[in-house]
Amino acid sequence: MDLQKVAQKNLEGYVGFASLPNQVYRKSVKRGFEFTLMVVGESGLGKSTLINSLFLTDLYSAEYPGPSHRIKKTVQVEQSKVLVKEGGVQLLLTIVDTPGFGDAVDNSNCWQPIIDHIDSKFEDYLNSESRVNRRQMPDSRIHCCLYFIAPSGHGLKPLDIEFMKRLHEKVNVIPLIAKADTLTPEECQQFKKQIMREILEHKIKIYEFPETDDEEENRLVKKIKDKLPLAVVGSNTIIEVNSKRVRGRQYPWGVAEVENGDHCDFTILRDMLIRTHMQDLKDVTNNVHYENYRSRKLAAVTYNGVDNNRAKGQLCTKVDTVDGMSPLAQMEEERREHVSKMKKMEMEMEQVFEMKVKEKVQKLKDSEAELQRRHEQMKRNLEAQHKELEEKRRVFEEERANWEAHQRQEQQKLEASRTLEKNKKKGKIF
Amino acid sequence: MAATDVDVFSNEEKRNLTLGGHVGFDSLPDQLVSKSVTQGFCFNILCVGETGIGKSTLMNTLFNTMFENEEASHYQNGVYLRPRTYDLKESNVHLKLTIVDSVGFGDQINKEDSYKPIVDYIDTQFENYLQEELKIKRSLFNYHDTRIHICLYFIAPTGHSLKSLDLVTMKKLDSKVSIIPIIAKADTISKSELHKFKIKIMSELVSNGVQIYQFPTDDETVSEINASMNAHLPFAVVGSLEEVKVGNKTVRARQYPWGVVQVENESHCDFVKLREMLIRVNMEDLREQTHARHYELYRRCKLEEMGFKDTDPDSQPFSLQETYEAKRKEFLGDLQRKEEEMRQMFVNKVKETEAELKEKERDLHDKFEQLKRMHQEEKRKVEEKRRDLEEEMNAFNRKKVAAETLSLSQPLKKDKDKKN
């Protein structure tokens, strides 16, 4: 469509398309929702407990033990799918956990299986998106990665930094301070400041809350930003405190309540992750991380026809891609280039050919002219000789004629004198 | 985009768990809705119908606004499509509305190709979207979607049946766009005639295999109303922006000497039904149908045309990479072959011309050989003549000498005679 002016129109009465959001709402509820959450961290940091607390359900239980209970020799990536329903809304929740992460003595490259898993989910989506027959496109891409930081109180460990640096451009990373009930509020503050400093220093891009037009929302977002990274506490047990039943951890010196904003940032995490930004996490995964993966993958294919994506585990720098062209459009472009190249080649060959032909024809003409000239010369020569001969003959004939005439004259004279003598002799006798 | 979310859950083992309290993900639809409201919506309507049948008036009436429109003339050379985009706002909902008008439709004497510009326009919008989707660096969420979501086909209120142009055009369009057939200027048909007309039209559509848009009945909240509306198709509409006072209300209507036809009166025409179905209930479904059905069909055909397949000869699914690699190899091989062909053609041409020129050279040579021979012949003749002349000269000289010798002895005889 040609770019045209888009006119602003004011409606003079109720039309009814303001119901569009309701229509969208209705359809989305009917379709149901999906969300994939990844939890990463060393054993014993309370990952399973936190998940159970977040979703108020026994995702991890004796029957389905959490990652720290499944001791592995190497880092595995495993997923559990659960279907939960609330208020008519159905959610298919996939929790991806990584047992064995950071638990070995030598943890070099322990992030590799995780990166491979994320990439393979992107690859699956890319393949199903690129099929000719597209039916269902199940979205199993990782929408969010909760990274658990041990509450040392000092700073990030080298493993933490390595992991986040390698994953921040592939997935939404939300770092959490685990088991925050081992830090006092002041220690926690310091710790958070230190972590944020280090994150800034290493240019790690953790998940950012989007700006909105709403003033109120922006203020809330700012408050959350000041508390990053969130320090959380989880619990599988319900305790009675002041005749209220709460989730908490019972200590001899008191109860650390999970949902108490003064005790930890759990409610902030839950509200942000589930109640307000779940959709945004999915959108950022789709529009940013997935698109990055896709453009890198397609650029490698088109440029070399060979899979250049061996640099999977390496730190990703700026994405180098062809200027916004689809591989098919690129082939089209190449085809056009080739056509013009062929035309040029044809023209050149034509020119060379013409030139050579002209040369040869010229040569032929020249030799013809030369031969003609020689022939002319010889002819003239011959004619000259002819003429000379004619002249000679003429002279000779003339001479002969004269001599013969002279001879005849003499003869006649002689005849005449002879006759006279004869007559004289005859006359004398008388 | 919500439209690409999964329809069917995968077959992995899923546990159903009960929640021990209010988690809060029931706000997910609200999160989705607020996102789409911020982004704004987009809707594209195509109006197909003869000149003067009331397309522009109906659009104005539907959207309660005067869209700028010059009246079209009947003397267009062919059919062309005129899209116009407007930014509308209602409550907090932004709608980017594009109305595409088919100008000149039905005016030509030969209408065989009338449907082509319409089909081409629809395909072009699909193509543009496909190209964007296939780009390496793409921004689909920012993309202004121009694909046609609904085609309102305006049927002339003859009261008898569909024109053959209508059948042909709708048949060509039904696989590319959702069609809602509309009986225009319905205030010229009486109620009983209308009833018969509707039945005739629907049966003709069915017998000719034309697929029109059915309002969806799978969602319980709207299935009832959609099902009942399906039975009223095609909608008989009247459009007007003029206001007439009826009773103590001012309504939009057309004033005739014999009465007032009220646009929003359901017993006068089906305008309200159309507005309800098109805008208030099924707008989102129409957008979804266009994307999930018509666009996918176009895309599938286009890709198959270009030689893409989903499985290789062994029925192993191709990965995207393999497909592109194979395509690319084929493509490069093709280019190589073309180059070779051209080179070969030149080699042949050169050979031919060389042979020609050689022949010419030989001919020239022969010609001059011949001339040389002729020349030799002439020379010989001249030599002969020269020899003859020489001989004659010699003979003459001999004669001369002989005669001289004779004449020398003659005078002696004379003297001798004289002495006697």
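Protein chains get the first letters and strands the later ones, always in sequence-line order, with residue 1 at the start of each.
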_A quick test of your reading: do over 12 heavy atoms of other residues, nucleotides or ligands sit less than 6.0 Å from NZ of B:K385?_
no
*How about A:M349 and B:R343: do any of their side-chain heavy atoms sit closer than 4.5 Å?*
yes
*Name the one of A:K30, A:K27, A:R26 that satisfies salt bridge (Lys or Arg N to Asp or Glu O under 4.0 Å) with B:D218?*
A:K30
*asked:* Taking side chain as everything from C-beta outward and backbone as N, CA, C, O, which of these in B:M374 sits under 4.5 Å from a heavy atom of chain A? Side chain, backbone, both or neither.
replied: neither
_Minimum heavy-atom separation for A:I274 and B:S27, please, with both atom names._
O-OG, 4.0 Å
*For the rings on A:F17 and B:F41, is their centre-to-centre separation under 6.0 Å?*
no
_B:R386/A:Q385 under side chain to side chain contact (heavy atoms under 4.5 Å, CB included): CA gap, chis, key distance, verdict_ = CA-CA 10 Å; B:R386 191 192 294 271; A:Q385 282 186 13; 3.8 Å; yes
*asked:* Working to the nearest 0.5 angstrom, can you tell me the gap between A:Q372 CD and B:K367 NZ?
replied: 5.5 Å
*asked:* Can you give me the closest heavy-atom contact between A:P21 and B:V37, atom names plus distance?
replied: CG-CG2, 3.8 Å
_Engaged part of A:R393 at the chain B interface, taking heavy atoms whose separation is under 4.5 Å_ = both
_Side chains of A:R294 and B:K135 in contact at under 4.5 Å (non-hydrogen atoms)_ = no
*For the atom pair NZ (B:K358) and CG (A:L364), what is the distance rounded to the nearest 0.5 Å?*
11.5 Å
*asked:* Between A:Q23 (side chain only) and B:R280 (backbone N and O only), is there a donor and an acceptor less than 3.5 Å apart?
replied: yes
*At their closest point, which heavy atom of A:E368 faces which heavy atom of B:F368, and how far apart are they?*
O-CZ, 3.7 Å
_Any side-chain heavy-atom pair of B:L62 and A:V15 under 4.5 Å_ = no
*Distance-only side-chain donor-acceptor flag, B:Q31 / A:H277, under 3.5 Å*: no
_Interface residue of largest heavy-atom contact number with chain B, from A:M278, A:R400, A:E129, under 4.5 Å_ = A:R400
*State plainly whether the residues A:E404 and B:K400 are in salt-bridge range, i.e. N to O under 4.0 Å.*
no
*Under 4.5 Å from a heavy atom of chain A, the part of B:E378 involved*: both
*Are any of the side-chain heavy atoms of A:S80 and B:R15 separated by less than 4.5 Å?*
yes
*Taking all atoms of both residues into account, what is the closest heavy-atom pair of B:L95 and A:L20, and its distance?*
CD1-CD1, 4.1 Å
*asked:* Donor-acceptor check, side chain of B:E392 to backbone of A:E397, threshold 3.5 angstrom: yes or no?
replied: no
*asked:* As an exercise, state the distance from CG of B:D219 to CZ of A:R31, rounded to the nearest 0.5 Å.
replied: 11.0 Å
*Which bit of A:T276 comes within less than 4.5 Å of chain B, counting heavy atoms only: side chain, backbone, both or neither?*
backbone
*Exercise: identify the closest heavy-atom pair between A:V84 and B:L17*: CG1-O, 3.7 Å
*Let me know if B:K35 has heavy atoms under 4.5 Å from chain A in its side chain, its backbone, both or neither.*
side chain
*Taking side chain as C-beta onward, heavy atoms only, is A:L389 less than 4.5 Å from B:L389?*
yes
*Evaluate ring-ring contact (aromatic ring centres under 6.0 Å, His included) for B:F396 paired with A:F396, printing each intermediate quantity in order.*
CA-CA 9 Å; B:F396 173 64; A:F396 165 69; 5.4 Å; yes
*Given a strict heavy-atom distance threshold of 4.5 Å, which part of A:L59 is in contact with chain B: side chain, backbone, both, or neither?*
both
*When heavy-atom pairs shorter than 4.5 Å are enumerated against chain A, which of B:L364, B:V222, B:T65 gives the highest number?*
B:L364
*For B:Q376, is it the side chain, the backbone, both, or neither that has a heavy atom closer than 4.5 Å to a heavy atom of chain A?*
neither
_Counting only non-hydrogen atoms closer than 4.5 Å, does A:E410 touch chain B with its backbone (N, CA, C, O), its side chain (CB onward), both, or neither?_
neither
*Where does B:K349 contact chain A at under 4.5 Å (heavy atoms): side chain, backbone, both or neither?*
both
_Part of B:H365 within contact of chain A (heavy atom distance under 4.5 Å)_ = neither
*Would you give the length of the straight line joining atom NZ of B:K338 to atom CE of A:M342, rounded to the nearest 0.5 angstrom?*
6.5 Å
*Examine distances only and state if a side-chain atom of A:Q279 and a backbone atom of B:L28 form a donor-acceptor pair shorter than 3.5 Å.*
no
*Heavy-atom proximity to chain B below 4.5 Å, by part of A:V29*: side chain
*Can you check side chain to side chain contact (heavy atoms under 4.5 Å, CB included) on A:R134 and B:R299, steps first, answer last?*
CA-CA 10 Å; A:R134 304 196 286 203; B:R299 179 180 173 275; 3.3 Å; yes
*Could you look at A:T57 and say if it's the side chain, the backbone, both or neither that has a heavy atom under 4.5 Å from chain B?*
both
*asked:* Under 4.5 Å from any heavy atom of chain B, what part of A:D280 do you find: side chain, backbone, both or neither?
replied: both
*asked:* Which atoms of B:R300 are under 4.5 Å from chain A, going by heavy atoms: the side chain, the backbone, both sets, or neither?
replied: both
*More than 12 heavy atoms of other residues, nucleotides or ligands under 6.0 Å from CD of B:Q336: is that the case?*
no
*At a heavy-atom separation under 4.5 Å, does A:Y14 approach chain B through its side chain, its backbone, both, or neither?*
both
*Where do B:L19 and A:K85 come nearest, in terms of heavy atoms and distance?*
CD1-O, 3.6 Å
*asked:* Report which part of B:T353 has an atom under 4.5 Å of a heavy atom belonging to chain A: side chain, backbone, both, or neither.
replied: side chain
*When only pairs under 4.5 Å are counted, which of A:K379, A:H338, A:H386 shares the most heavy-atom pairs with chain B?*
A:H338
*By a 4.5 Å heavy-atom criterion (distance strictly below it), what part of A:E350 contacts chain B: side chain, backbone, both, or neither?*
both
*Name the region of B:F63, side chain, backbone, both or neither, that has any atom closer than 4.5 Å to a heavy atom of chain A.*
both
*Could you check which of A:M345, A:Q407, A:K341 has the highest count of heavy-atom pairs closer than 4.5 Å to chain B?*
A:M345
*asked:* Among B:L335, B:T18, B:L81, which residue has the highest count of heavy-atom pairs closer than 4.5 Å to chain A?
replied: B:L335
*asked:* Are the side chains of A:V89 and B:P29 in contact, using a 4.5 Å heavy-atom criterion?
replied: yes
_Between A:R275 (side chain only) and B:V23 (backbone N and O only), is there a donor and an acceptor less than 3.5 Å apart?_
yes
